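Quick caveat, the model's predicted, so the values are computed rather than measured. Labels below follow one simple rule: chain letters A, B, ... track the order of the sequence lines, proteins then strands, and each chain is numbered from 1.
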Amino acid sequence: MPVVEMIGKPIHINEEGFLTEYNEWDPAIGKVLAEQIGVEMTDEHWKIINFLREDFKTEGETATSRRVQTVGGVPVKIQFELFPKKPAKKMAYIAGLPKPKGCV
Amino acid sequence: MTTTMTAPIVPNFDTESEGRKLAIICSKGNLDMAYPGLILGNAALGEGIETHLFFTFWGFDMITKSRMDHLQFSPAGNTAMHIPGGDMHIPQAIMPAPGMTAMATHMLKKSIADLGVPEVPDFLDQIVAAGGHLWGCRMSADMNKLGLGDLRDDVEGIISATDFIELTEGAQLLFI
């Protein structure tokens, strides 16, 4: 697995660039990841990222768009506005989590 | 585990599926056959792919207001039906028994709900929210004597086969 430096810290990522170690992430890293894919973070963006981080802790897998809507309370339409084109992947990437595995 | 620092790897989310387009023809009105098109369409939208769903023949029930909440599943004629949790086949002879369709529909709905997958109308809401386009088939509307007012409000139009062919130029196509 490649290791990259982000804001002075060594960070483990996979071949696609997603973080592989849950505990290496913090909001400052999240901000760097967001910048790298052209997302400017607002409170609304952080609400979703924080939900994903918390949900992963209990579920052991990354929430899908559907779950972000039904459990996280952010409608799919808003997710597409905040993270255009590929919300589920972009949200997971910024949250330092694996891509969601669920089909829906 | 290596400790060598490498150059950052940044996924190319915005351009990798540019120009890709998918059209799904939904021609079945059985509950089980409503789902493949919805699941694949939803997945495509989540990948930033322009997605069109065209509802025709029995698939027209999926977008007809008075019918979309009552899609059913029948095990009759489906030789892949097994005893729940096992590999043994359920004999086809008992499938047409009264109440079988209602029971099978109930069980299928429960299995789908347990996976966190929405019911058909709710799923179509999500697909439209994700930017998907819904179209009704002209011939199916005429056969069923239905108009745009009988369909979900987010159906963009009732179109002919020719319109559909024009609309889907360059698209990948799925017939379900």
Side-chain angles (χ1 to χ4, degrees), chain A residues 1-21 24 29 32-39 55 59 61 63-71 74-81 83-94 98-104, chain B residues 1-22 24 32 34-51 108-109 111-134 153-154:
Chain A
M1 285 294 169
V3 182
V4 295
E5 193 181 309
M6 279 184 205
I7 49 174
K9 286 187 269 192
I11 303 290
H12 292 80
I13 59 172
N14 67 12
E15 63 287 348
E16 288 182 286
F18 286 72
L19 267 63
T20 57
E21 301 298 324
E24 285 180 355
I29 300 280
V32 172
L33 292 168
E35 277 165 13
Q36 285 182 351
I37 58 165
V39 173
D55 192 62
E59 301 299 313
E61 59 180 89
T64 60
S65 272
R66 178 77 196 165
R67 190 170 164 86
V68 172
Q69 171 171 296
T70 54
V71 183
V74 182
V76 165
K77 196 177 165 81
I78 306 291
Q79 296 175 41
F80 270 85
E81 284 167 16
F83 303 94
K85 288 189 172 178
K86 300 187 185 188
K89 276 189 183 168
K90 286 185 176 178
M91 296 184 303
Y93 177 76
I94 295 169
K99 285 187 287 191
K101 288 198 214 81
C103 281
V104 179
Chain B
M1 197 174 282
T2 173
T3 50
T4 320
M5 299 289 182
T6 55
I9 301 171
V10 179
N12 188 10
F13 290 126
D14 286 319
T15 53
E16 65 188 1
S17 52
E18 229 165 49
R20 195 168 161 195
K21 193 167 164 181
L22 176 67
I24 303 176
D32 56 327
Y35 276 95
L38 300 179
I39 291 168
L40 292 166
N42 182 59
L45 288 160
E47 285 298 290
I49 296 167
E50 179 185 329
T51 303
L108 181 62
K109 281 194 173 187
S111 309
I112 290 169
D114 286 347
L115 293 175
V117 175
E119 297 226 9
V120 170
D122 195 8
F123 210 158
L124 282 168
D125 286 348
Q126 177 170 331
I127 282 171
V128 171
H133 303 279
L134 312 182
D153 296 337
D154 44 20

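Ring geometry for B:Y35 against B:F123 counts as tilted: the plane angle lies between 30° and 60°, on a 0 to 90° scale.
Heavy atoms closer than 4.5 Å to chain B are found in both the backbone and the side chain of A:I37. Looking at A:E15, the atoms closer than 4.5 Å to chain B (heavy atoms on both sides) all sit in the backbone: N, CA, C or O. Looking at A:P75, neither its backbone nor its side chain comes within 4.5 Å of chain B, counting heavy atoms on both sides. The part of A:E16 that comes within reach of chain B is its backbone (N, CA, C, O), which places non-hydrogen atoms under 4.5 angstrom from that chain.
Of the possible donor and acceptor atoms, one in the side chain of A:Q69 sits under 3.5 Å from a partner among the backbone N and O of A:V76.
When B:D14, B:L40, B:N12, B:L115 are compared by the number of non-hydrogen pairs under 4.5 Å with chain A, B:D14 comes out ahead.
Interatomic distance, CG of B:D153 versus CG of B:L134, reported as 11.0 Å (0.5 Å rounding). Residue A:Q36 holds its CD atom at 10.5 Å from CD1 of B:I9, rounded to the nearest 0.5 Å. With rounding to the nearest 0.5 Å, the separation of NZ in A:K90 from NZ in A:K85 is 7.5 Å.
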